[in-house]
Amino acid sequence: MVFVSDSFVFVFLPLFLIAYASVPAFLRNSTILFFSLVFYGWWRFDFLPLLVAIACWSWLTGLWIAKASGPERRWALLAGIVPPLVSLICFKYVNLIVESVSSLGAPVKDWSSIPLPIGLSFFVFGAISYSVDVFRKTVYAEPSLINYSTYQAMFGHLVAGPVVRYQSVAERLKSRVFDSAEFAEGLRRFMLGFAQKVLIGDTLAPLVDAGYALPAPSTCDAIVTVTAYTLHLYFDFAGYSSMAIGLGLMVGLKFPENFDNPYLSTSLADFWRRWHISLSSWLRDYLYIPLGGNRAGSFRSYFNLMVTMALGGLWHGASWTFMIWGIWHGIGLIAGRAWNAMRMPPVPAPVGHVVTLVFVMTGWTLFRAQDWQTAAIMFSGLAGQHGLAMSNGFAAALRPIEVVTLFVGIAMVYLPALNKSSPWLAPVIARPPFALATILWLWSLWVMQSRTVIPFLYFQF
Amino acid sequence: MIKILTVLAIIFAGFVSVVVRGGDSLYEILRTAPLKDYLSGSLSGRVDRAVFDAIPRGAGLNGFSAGLLYKGLRDAGPQVWAGCNDWLYSAEELRVDRRDAENMAARIRMLPHLVQAFAERKILLVVVPVPDKAEQVEAQLCGIAADPSRVRANAWAQAAGATKLHQVNLRDQWPRPGYWRTDTHWDSTGAQFAAEATAKLVNGVLGAGTERVSLTRGARHERPGDLARLAGLQDAPKWLAPAAEYTEAARASIQRSGGLLDDAAAPSVLLAGSSFSQNSDFIEYLQAALAREVAQVSEAGGGFAGALLKMLQQKPDMLAGAKVVIWEWSMRSLVAPLSDAERQMLRQTEGH
């Protein structure tokens, strides 16, 4: 099920709210869990046992890690991490491995692709972080299977994040009271996210598809397409994250913020502090630092950074293009770090912003391409190999509403920068009021009725 | 608290609407679905559709917004290109896709096999490619050119030249405009021209027809265009919508000579086309021009060879007694993704 659908807004959500409000406090987590399983099963029920198994396994090993001592703790930790990781590799990367082996001249006979359970990457990351945190003693092992499973499976973040760590919801899972102000805030965040996704993200989707389908895009075609994708990806994903955070708040659970105006960044490191924050901080804490982080000299830290970004890229999808995208960002981050290490003069903020944005957008070009050929065509377009002016085929695909949405999207990206210079506008930009959120949500509901459901981009991850 | 209740009231109003308006169909879907549909998730699509249908929509409001977009921004939705002077075009004719060349090449490879299949049955296959509206009424496109249409037409002309075809060339002498303003299909003038050109070729091979066919015209009435519908403009207020179009239906009456018991033989001419063959009374004009009865086996949405392949692969009995099959298809369908039937034919003929 997707949030942006009639089934969710007008059936699932009201039924859930009725059930949640009707049950006594000790059954609230069970209610969330039950509805989360239905939410997931809406896509495919036959993958539910996998999720349940990972949750149960992770919960059991968490208890083991907490009880064990000496070398046994490490074995318990391995037991907590390895099976979920193996399931992720099996479902997500085996197809890629088989295809790669086949393309190298050793075809695997009678191989049929394994479907990827949606949200598996988020689910497994949640399980790994829990095991590691229990091992590090930063959280207590959760004694209740229901509470732990509720954390893992809560429908708000189940299929597309943010990557929620157990410690951020542990207290609230044990006890929470209804707070109307928090519920209102959750509703406001949900409605704003809904509007972001429908009015901007989804409106730009057909333009991106048309641009990437061109056989010979001109420079103008490629720039407009990449700009549209840059906005589409942000508003789609940030919108979804906002909806997830809002749904969490409505039931008293606080999920981490996932975006902080990433396209206003003035350096690549700054970008990664603002983009998909829950993932980048997860990679930092559970991959980069365990690899050694910055502690073993600059060359080792560059290596660690590169490994983290390459694996982080591959996490986004089972395609080598994702890994190269990760490596591209790894190179950028290393270059930024080397610049600072060599005590070079600081880059002026506007220059840094432009360079960062161009770098990120170049990366998105690769990120969106399904294969090398598509990426090569788009890069050749950006390089001007098919002329500069907008091509007739692209002009035919460019709808006026998409042009308007492009400009609105760009304005939305830069509006927060006006925060300081425009005091009267600042509060509205920083925190759009409930009434505005309601109007935008109603508008997006109306727009949604005229469209077929467009699945959320991050489902594939 | 009031603001929360307002939003919840909207959500619960939608819920009540789903229960009241869609409860029965939802229950029926859930009751009759086999277990495998629950497991595989294929059920959810049907439930989503039923829920979507149960939500009340103000057609007037949707029409108003579509009209505002159309008049204000000249935006007619993702499937329709809004040209000048209320001329609408199917976006399919204007878009360019990387797979176009591949799809076109596949169909061109299919062509000799199709021709051979009919030649083996001693049936004359008459090919009637319908030119793109964008190419023939290019002046009203407003800001863009019909380049993709020309690419398709030229590629086809080259391929057709290499295969011995009985083809009707509509493109060169097309009676412009020949298309409805708000519809993707030919208008009465275009349909009549196409019918007469086709009949000229058929009669040239078979000899003139002998049946007496008279053509009568009905009363003039408004004709809503499919492109206006696709753009959501059918419910727009008149001042926001493209100007209405009118037509007079044509009707062909055939006086059969009759057999021993005044029975008539099955028509020896079959029309296996696309929605063009079902629009603007093309078949009526065709029967009149041929002086022969024509059996309609066209399929709306059949694309390049939908109706033709259906006859060949699923209903070959229909071809018994046929002397001529008129195969009409729109030039834009050359680049559409291949249908299952087309893939199957390619697999059979090319052995992969």
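Note that the coordinates shown come from a computational prediction; the quantities given were computed from them, not determined experimentally. Every heavy atom of this structure was used, including side-chain atoms; hydrogens, water molecules and symmetry mates were not. Letters A, B, ... mirror the listed sequences (proteins, then strands); counts begin at 1.
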Please flag which part of A:I401 lies under 4.5 Å from any non-hydrogen atom of chain B: side chain, backbone, both or neither. both
Heavy-atom proximity to chain B below 4.5 Å, by part of A:L13: side chain
To the nearest 0.5 Å, what is the distance between CG on B:L43 and CZ on A:F45? 9.0 Å
Counting only heavy atoms closer than 4.5 Å, note whether A:S391 contacts chain B via side chain, backbone, both or neither. neither
Quick one: what part of A:L48 sits under 4.5 Å from any heavy atom of chain B, side chain, backbone, both or neither? neither
Using non-hydrogen atoms only, which part of A:W43 is less than 4.5 Å away from chain B: side chain, backbone, both, or neither? backbone
Go through the steps for A:W42 and B:D48 under the test side-chain contact (heavy atoms from CB on, under 4.5 Å), then give the verdict. CA-CA 10 Å; A:W42 204 247; B:D48 284 343; 3.3 Å; yes
Could you measure the distance from the CG atom of B:L73 to the CZ atom of A:R399? Nearest 0.5 Å is fine. 9.5 Å
Under 4.5 Å from any heavy atom of chain B, what part of A:V404 do you find: side chain, backbone, both or neither? side chain
Quick check on the interface: out of A:A213, A:G41, A:A395, who has the most heavy-atom pairs with chain B under 4.5 Å? A:A213
Against chain B, label A:S180 side chain, backbone, both or neither, depending on which of its atoms sit under 4.5 Å from a heavy atom there. both
Within residues 14-26 of chain B, contacts to chain A at heavy-atom distances under 4.5 Å involve B:G14, B:F15, B:V18
Using non-hydrogen atoms only, which part of A:L17 is less than 4.5 Å away from chain B: side chain, backbone, both, or neither? side chain
